[in-house]
Amino acid sequence: MKKIVSFVLALTMLMMAGAALAETIKPAEFARSFDVEITLPEGATTAANEVGENTMTAITLAEAGKPGYVFIISPSDMQALDGKKMSELTDEEKASLVEAMSLGMDSPSERWVTLDNGGLLLLVEENTEANDYAYATTLYDGFFIFVYASYEDYDKMTEEDIQVMIDIMQSLKIIPVEQ
């Protein structure tokens, strides 16, 4: 989990660089069991980066004054999660995941969201005066797939900001790859 946070921080620096304008994008094609597609808000731009086994796509919304969003796919370093989907986790594994995603947060809150496709999404948000950021996370085949969001100055996230994260994850399409 510590690796994920450091990758998010590194990628935040890339948020200024924009790439192709797209509504539906394929953030990465992997040499593993699946690819993904996501649908972005109209006018969003992206910049992709791969760091080790982590694929990150910075998403910049067209509307000024919005938080930065980063779409990330990262292998789980939690052995118990290998090969699993979020909906297959036990209550104990879910509690461990909440703990890992909340690591380093002073005042985290979490909620579980059931997606239209039946998938399960964990939303964890830091809620302090000085620091507000959030993760919307799911798990597929032992890989974390998530959106990280924060304002540049870590200002308070609104429910609308959080909904953008949920909408991106709602649009997630997993494409199995034949090996």
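The side-chain heavy atoms of M101 and V98, taken from C-beta on, include no pair separated by under 4.5 Å. When side chains are defined from C-beta on, T39 does not count as touching I168, because their heavy atoms never get closer than 4.5 Å. Y148 is not listed as a side-chain neighbour of M165, based on a closest heavy-atom distance of 4.5 Å or more. Counting heavy atoms from C-beta on, the side chains of V70 and I59 never come closer than 4.5 Å. Within the 4.5 Å cutoff, the side chain of K94 has heavy atoms near those of the L120 side chain. Taking the side chain as every heavy atom from C-beta outward, M169 and I145 approach each other to under 4.5 Å. Using a 4.5 Å cut-off on side-chain heavy atoms (C-beta onward), I162 and E125 make contact. Using a 4.5 Å heavy-atom threshold, the side chains of E126 and Y154 count as separate.
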Dump the intermediate steps for side chain to side chain contact (heavy atoms under 4.5 Å, CB included) on W112 and L123, then the final yes or no.
CA-CA 6 Å; W112 293 90; L123 183 63; over 6 Å; no
Going through the checks in order, is the side chain to side chain contact (heavy atoms under 4.5 Å, CB included) test met by T46 and L40?
CA-CA 9 Å; T46 62; L40 301 176; 3.4 Å; yes
Verify side chain to side chain contact (heavy atoms under 4.5 Å, CB included) between L122 and L97, making sure each step is shown before the conclusion.
CA-CA 9 Å; L122 169 61; L97 182 56; 3.9 Å; yes
Using the rule given for side chain to side chain contact (heavy atoms under 4.5 Å, CB included), can you reason through Y69 versus V164, listing the C-alpha separation, both sets of side-chain angles and the distance that settles it, and then say yes or no?
CA-CA 9 Å; Y69 296 90; V164 170; 3.4 Å; yes
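Checking N127 against S109 by side-chain atom types alone, a donor-acceptor pair falls below 3.5 Å.
Counting only residues at least two apart or in different chains, salt bridge (charged side-chain N to carboxylate O under 4.0 Å, His left out) contacts with residues 153-177 comprise K66-E160, R111-E159, D132-K156.
For M157 against S150, the heavy-atom pair with the smallest separation is SD-CA, 4.0 Å. What you find for T137 and M86 is that their closest heavy atoms are O-CE, 3.1 Å.
Within 6.0 Å of the NZ atom in K84, the count of heavy atoms belonging to other residues, nucleotides or ligands exceeds 12. By the 6.0 Å contact criterion, CD on E88 is enclosed, its count of non-hydrogen atoms from other residues, nucleotides or ligands being greater than 12. For D91, the CG atom sits in a loose shell: 12 or fewer heavy atoms of surrounding residues, nucleotides or ligands are nearer than 6.0 Å.
Under the 3.5 Å distance criterion, the side-chain polar atoms of S102 are left unmatched by any main-chain donor or acceptor of M105.
Annotation: the span from I73 atom CD1 to D35 atom CG amounts to 8.5 Å, rounded to 0.5 Å. For the atom pair L121 CG and F146 CZ, the distance stands at 12.0 Å (nearest 0.5 Å).
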